[in-house]
Amino acid sequence: QVQLVESGGGLVRPGGSLRLSCAASGTMFSRNTMGWYRQGPGKEREMVATITSGGITNYADSAKGRFTISRDNAKNAVYLQMNSLNPEDTAVYYCKVFIIGGLDFWGKGTLVTVSS
């Protein structure tokens, strides 16, 4: 019944920007850490950014300074603003909710393609 649905992906030119959204339903995650992960072609899934219920953020080195994660607990949503995109950012981006016990929830992903 719990669902995480990502949106906002698409094709963008190098240097461009995209804003990803993740809408959660089925239960409220206001007390949970949420995050964005990505998996590029031929690569393993990696953490991009996380945000705690109190708004404390953490970023991968590749994302720091370019990406901004935010959340709206009233809307049960988390966002990822991506600026200065480059081809290395091309990946499927997944929304994640961290659950105590390691039984985390994942969305199905949204594809971001950075190409000229």
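When reading the values below, keep in mind they use all heavy atoms of this one structure, side chains included, and skip hydrogens, waters and symmetry mates.
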Using side-chain contact (heavy atoms from CB on, under 4.5 Å), reason through Q81 and S70 one step at a time and then give a plain yes or no.
CA-CA 8 Å; Q81 178 67 46; S70 61; over 6 Å; no

After noting the C-alpha distance and the side-chain angles of T57 and T50, does the key distance pass the side-chain contact (heavy atoms from CB on, under 4.5 Å) rule?
CA-CA 6 Å; T57 59; T50 61; over 6 Å; no

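Residues V78 and V2 share a single hydrophobic cluster, defined by chaining ILVMFWY side chains whose heavy atoms lie under 4.5 Å apart. Linking Ile, Leu, Val, Met, Phe, Trp and Tyr whenever their side-chain heavy atoms come within less than 4.5 Å puts V92 and M47 in one cluster. Linking ILVMFWY residues whenever their side-chain heavy atoms come closer than 4.5 Å, directly or via other members, leaves V5 and W106 in distinct clusters.
Checked against salt bridge (Lys or Arg N to Asp or Glu O under 4.0 Å), E46 has the following partners two or more places apart in sequence or in another chain: R38. Remark: V112 pairs with L18, L20, M82, Y93, V114 by the side-chain contact (heavy atoms from CB on, under 4.5 Å) rule, at least two apart or across chains. Taking the side-chain contact (heavy atoms from CB on, under 4.5 Å) definition, one finds that I99 meets it with F29, N32, V97, D104, F105, sequence neighbours left out. In this view, R45 satisfies the salt bridge (Lys or Arg N to Asp or Glu O under 4.0 Å) rule with no residue, not counting sequence neighbours. Legend: residues meeting side-chain contact (heavy atoms from CB on, under 4.5 Å) with T52, ordered by chain and number and at least two apart, are T33, I56.
Across all non-hydrogen atoms, the minimal contact from W36 to S21 is CH2-O, 3.6 Å.
Separation of atoms CG (L4) and NZ (K108) is listed at 11.5 Å; rounding is to 0.5 Å. Atom CG in L80 sits 12.0 Å away from atom CE in M34 (nearest 0.5 Å). Atom CZ in R66 sits 7.0 Å away from atom OG in S84 (nearest 0.5 Å). Between the OG atom of S30 and the CG atom of D72 there is a distance of 11.0 Å, given to the nearest 0.5 Å. With values rounded to the nearest 0.5 angstrom, N58 atom CG is found 9.5 Å from I69 atom CD1. One finds the OG atom of S17 at 9.5 Å from the CZ atom of F67 (value rounded to the nearest 0.5 Å).
Contact annotation: the side chain of Q39 never approaches that of Y37 to less than 4.5 Å [non-hydrogen atoms, C-beta and beyond].
Pairs engaging residues 2-85 under the disulfide (SG to SG under 2.5 Å) rule: C22-C95 [sequence neighbours left out].
Both tests do not hold together for R71 against Y79: distance to the six-membered ring centre under 6.0 Å, angle to the ring axis within 45°.
A distance-only check finds a donor-acceptor pair linking the side chain of N76 to the backbone of T27 [under 3.5 Å]. Judged purely by atom type and a 3.5 angstrom limit, T113 has no side-chain atom pairing as donor or acceptor with the backbone of L11.
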